[in-house]
A.B. asks: 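Shown below is the structure under consideration.
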Amino acid sequence: MLSQIRPVNSFPPTLQFFKPEHVEPFKELDKVGEFTVEFLLIAIELVAIQEKTNYPTGTVTENLYKNFGVKDRFSVIQSSVWKGKK
């Protein structure tokens with residue numbers, strides 16, 4: 001999904017990928033945690049749209065999700081921290 005997201009020039013942005021049927025395989029997860037699967041899928045897509053719009057060559061969001069379950073927690077968290085200067 002993240003590789004299919006494109007920059008936008010409208011506000012509010014329109015979802016480009018999410019469809020309600022994407023929730024079904026994960027519906028059981030709604031029984032645990034604070035947020036629904038639908039909310040999480042939409043939030044992830046909106047963050048990806050924001051990154052592609054503001055940083056068209058940015059890969060932080062995509063790399064963050066690729067590293068889940070592969071790298072240790074510190075590496076995943078460290079990769080998501082902004083390293084710009086104040």
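All residue numbers refer to positions in the sequence shown, counting from 1. Values below: all heavy atoms of this structure, side chains included; hydrogens, waters and symmetry mates excluded.
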A.B. asks: Mind jotting down which residue pairs meet the side chain to side chain donor-acceptor pair (under 3.5 Å) criterion with at least one end in residues 44-53? Sequence neighbours excluded, please.
C.D. replies: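 Found E51-T61.
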A.B. asks: Share the residues that join V60 in a hydrophobic cluster, the rule being Ile, Leu, Val, Met, Phe, Trp or Tyr side chains under 4.5 Å apart at the heavy-atom level.
C.D. replies: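 Result for V60 is none, singleton.
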A.B. asks: To the nearest 0.5 Å, what is the distance between CD1 (I49) and CG (N54)?
C.D. replies: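 Going from CD1 on I49 over to CG on N54, the span is 11.5 Å.
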A.B. asks: Not counting sequence neighbours, which residues clear salt bridge (Lys or Arg N to Asp or Glu O under 4.0 Å) with E62? List them please.
C.D. replies: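 If we apply the salt bridge (Lys or Arg N to Asp or Glu O under 4.0 Å) test to E62, skipping adjacent residues, the hits are K66.
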A.B. asks: Hey, any chance L64 and I5 share a hydrophobic cluster, counting ILVMFWY side chains that come within less than 4.5 Å of each other, even indirectly?
C.D. replies: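 In one cluster: yes.
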A.B. asks: Could you work out, with ring-ring contact (aromatic ring centres under 6.0 Å, His included) as the rule, every residue matching F68, not counting sequence neighbours?
C.D. replies: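 Counting only residues at least two positions away or on another chain, F68 forms a ring-ring contact (aromatic ring centres under 6.0 Å, His included) with Y65.
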A.B. asks: What residue pairs, at least two apart or across chains, pass side chain to side chain donor-acceptor pair (under 3.5 Å) with a residue in residues 1-22?
C.D. replies: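 For residues 1-22, and leaving out neighbouring residues, there are no side chain to side chain donor-acceptor pair (under 3.5 Å) pairs at all.
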A.B. asks: Name each donor-acceptor pair under 3.5 Å that joins a side chain in residues 25-44 to protein atoms two or more places apart or in another chain, with its distance.
C.D. replies:
from	atom 1	to	atom 2	distance (Å)
K27	NZ	D30	OD2	3.2
E28	OE1	K31	NZ	2.9
E28	OE2	K31	NZ	3.3
D30	OD1	V37	N	2.7
T36	OG1	F39	N	3.1

